[in-house]
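Remarks on the structure that follows.
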Amino acid sequence: MTEKELRRYSRVVVDGDEQAPSRAMLRAVGFEEDDFQRPQIGIASTWSMVTPCNMHIGGLADEAAKGANAAGGKGVIFNTISVSDGISMGTPGMRYSLVSREIIADSIEAVMGAEGFDGVVAIGGCDKNMPACVMAMARLNRPAVFVYGGTIRPGSKRRDIVSVFEAVGARSGGKISDAELLEVEQTAIPGPGACGGMYTANTMASAIEALGMSLGNSSAQEAISSDKIADCQRAGEAVMHLIRENIKPLDIMTRDAFENAIAVVIALGGSTNAVLHLLAIAREADIELSLDDFTRIGARTPVLADVKPSGKYLMSELIEIGGIQPLMKRMLDNGMLHGDCMTVSGNTLAENLASVADYPEAQDIIRDFDNPIKQDSHLAILYGNLAPEGAVAKITGKEGLVFEGKARVFHSEEDALQAILDDSIKAGDVIVIRFEGPKGAPGMREMLSPTGAIMGKGLGKDVALITDGRFSGGSHGFVVGHITPEAAVGGPIALIEDGDIVRIDAERKEISVDVSTAIMSERRAEWRRPASLVTRGALAKYRNTVSSASEGAVTIPPPWDE
């Protein structure tokens with residue numbers, strides 16, 4: 001490949017007399033004369049002091065730039081936003097969480113496209129900026145590597161952010177004192193890094209690595225570690241190799257690669273948000289992927305990782321025994337992964353895993369195939385008269401597989417949480433939280449506050465919760481989210497009334513309400529969508545463009561000629 005071909009995009013910006021103004025601007029930000037002849041590598045940093053997940057990423061971006069520079073490129077660091085789910089959870093601010101995924105993807109696309117970068121290293125550390133980075137990579141289709149910012153080290157007594165949410169419920173139930181709640185609050189988050197269980201951040205890091213868009217073990221390193229620094233430097237070098245070999249994201253993100261990502265998420269017992277985000281990334285990559293693919297792959301993929309929130313272990317403990325690479329090698333050897341998929345290393349998945357050692361014999365974090373946590377997927381895609389377009393349940397089997405109870409209907413998360421905390425919710429209730437979908441919230445809030453309170457109250461096996469919103473990766477219990485069509489567009493969940501009998505059957509993959517078609521039709525004829533207080537700004541724009549959760553809640557417009 002010629003020097004000009006290596007600089008396919010940046011040469012348009014910096015070559016020739018007519019681009020002297022561009023070069024003048026770049027000299028001011030540190031370009032030397034020979035830098036104009038190097039491929040320019042955008043280093044998309046999600047650094048901010050908004051959240052511990054991202055507070056260290058500025059330093060990691062510096063390391064990625066060093067790696068790109070050492071490999072013959074010119075690293076140029078730029079920033080994008082991040083919002084904190086853990087901080088905004090349970091408040092109106094949580095509406096911006098999923099919206100931020102689209103804003104982040106748009107911002108990375110805008111900077112990359114405007115500045116003419118030849119490749120990108122994107123570093124993400126929190127739930128929404130991670131899939132957003134990969135969505136932007138798919139749109140641009142320029143050589144790219146994703147780097148996970150890394151997981152947090154455990155707090156005192158192996159606590160994490162979910163410990164705090166559950167402690168709120170325990171305090172409300174009189175199980176702990178004010179002083180004990182404060183002690184949990186003060187010790188659960190000891191420093192930088194993403195939430196410590198197999199919650200959404202660690203789930204998506206694992207999924208992106210399995211997709212082929214991260215280097216080996218990028219998903220299984222602590223935020224503050226020499227391994228993570230080396231990972232960033234190697235990513236800078238790797239993107240230069242991808243440029244030279246002309247390997248682009250859409251060469252990597254194939255249909256088979258998405259199947260690998262889904263299988264790894266299931267084996268790890270990962271977050272329901274992976275369904276939403278993988279659908280969105282696939283849409284950006286123009287890969288056909290649907291809810292039914294999760295069912296198909298889930299039927300042949302067991303849950304093998306005994307990790308939080310439903311299991312015992314934290315991500316840092318999985319890191320100690322080798323991370324997810326030995327698991328992936330086991331899965332490959334058992335025919336559960338497509339080994340011929342290309343990855344950002346420039347090698348296939350099978351080539352990457354060839355020299356990976358197995359887990360130590362004494363470990364019990366990753367089960368053997370003949371002793372799984374669950375024989376098939378914990379991510380159950382449910383259909384029925386309550387969810388004609390599908391819903392996503394996270395059911396490990398510890399909660400049981402079937403639940404039937406009386407509906408307790410709430411029009412917001414806040415109302416439901418208050419009912420849980422003031423003991424209005426009783427065993428046998430099915431909490432229904434509606435108007436929290438992509439259009440209804442707008443923004444599809446996560447329900448960690450109510451699910452955490454349910455667990456803290458000791459009602460995890462006695463109460464179910466269904467919603468057209470979604471769940472944090474830290475949520476566990478008998479919970480069903482992503483119910484579509486959502487209430488805001490008149491879906492059946494909008495028509496449920498207090499006392500209706502709701503049945504959730506994870507074995508039959510069904511969710512239904514025991515109300516006749518005739519009565520549902522009568523209710524629909526009388527139903528009117530409640531007025532929204534959101535009339536302007538990012539939330540209003542999102543509501544007007546967002547698709548159903550069953551399609552990934554994306555804001556991609558249809559083709560121009562439609």
Side-chain angles (χ1 to χ4, degrees), residues 1-17 19-20 22-45 47 57-79 108-109 111-124 133-134 136-137 140-148 209 212-218 226-252 342-348 351-352:
M1 186 175 286
T2 67
E3 176 266 335
K4 280 193 173 183
E5 288 173 327
L6 292 176
R7 298 189 300 116
R8 180 172 300 174
Y9 301 98
S10 61
R11 65 186 172 87
V12 177
V13 176
V14 300
D15 285 7
D17 292 347
Q19 294 308 122
S22 304
R23 294 193 296 274
M25 296 283 281
L26 289 169
R27 292 177 194 278
V29 297
F31 271 60
E32 302 291 343
E33 198 63 45
D34 65 345
D35 289 334
F36 296 114
Q37 302 307 311
R38 294 168 173 255
Q40 292 185 32
I41 309 301
I43 312 294
S45 167
W47 170 86
I57 285 179
L60 297 184
D62 291 337
E63 298 299 332
K66 288 178 186 176
N69 294 343
K74 173 59 178 176
V76 182
I77 298 172
F78 66 97
N79 240 71
I108 294 174
E109 176 196 351
V111 175
M112 286 287 295
E115 301 303 313
F117 294 143
D118 300 296
V120 61
V121 175
I123 310 171
C133 289
V134 184
M137 291 171 177
L140 291 159
N141 200 31
R142 301 179 189 182
V145 178
F146 176 78
V147 175
Y148 178 38
E209 181 176 330
M213 290 303 297
S214 293
L215 294 172
N217 256 355
S218 181
S226 57
D227 287 341
K228 183 48 63 182
I229 291 173
D231 183 39
C232 293
Q233 293 172 347
R234 290 190 300 119
E237 297 167 0
V239 77
M240 285 299 300
H241 177 70
L242 295 173
I243 289 173
R244 293 187 179 101
E245 297 298 319
N246 196 29
I247 299 172
K248 300 182 290 297
L250 297 188
D251 299 322
I252 295 169
M342 179 56 63
T343 74
V344 293
S345 70
N347 298 318
T348 66
E351 289 169 338
N352 289 344

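- Atom CD1 of residue I57 and atom CG of residue N79 lie 9.5 Å apart, to the nearest 0.5 angstrom.
- At least one side-chain heavy atom of M213 sits under 4.5 Å from a side-chain heavy atom of M137.
- Under the 4.5 Å side-chain criterion, counting only non-hydrogen atoms from C-beta, L26 is in contact with Q40.
- Among residues two or more places apart in sequence or in another chain, the salt bridge (charged side-chain N to carboxylate O under 4.0 Å, His left out) test is passed with E237 by none.
- Within the 4.5 Å cutoff, side-chain heavy atoms of K228 are placed close to those of Y148.
- Contact annotation: the side chain of V13 never approaches that of E115 to less than 4.5 Å [non-hydrogen atoms, C-beta and beyond].
- Annotation: side chain of I247 is in contact with side chain of I252 (closest heavy-atom distance under 4.5 Å).
- Of the possible donor and acceptor atoms, none in the side chain of Q233 sits under 3.5 Å from a partner among the backbone N and O of G67.
- Listed for the N347 side chain is no donor-acceptor partner under 3.5 Å among the backbone atoms of N352.
- Considering only heavy atoms from C-beta on, K74 stays 4.5 Å or farther from F36 through its side chain.
- Contact annotation: the side chain of R7 never approaches that of R38 to less than 4.5 Å [non-hydrogen atoms, C-beta and beyond].
- In this structure, E351 contributes its side chain and T348 its backbone to a donor-acceptor pair below 3.5 Å.
- With hydrogens and angles ignored, the 3.5 Å screen pairs no side-chain donor or acceptor of R142 with any backbone N or O of V120.
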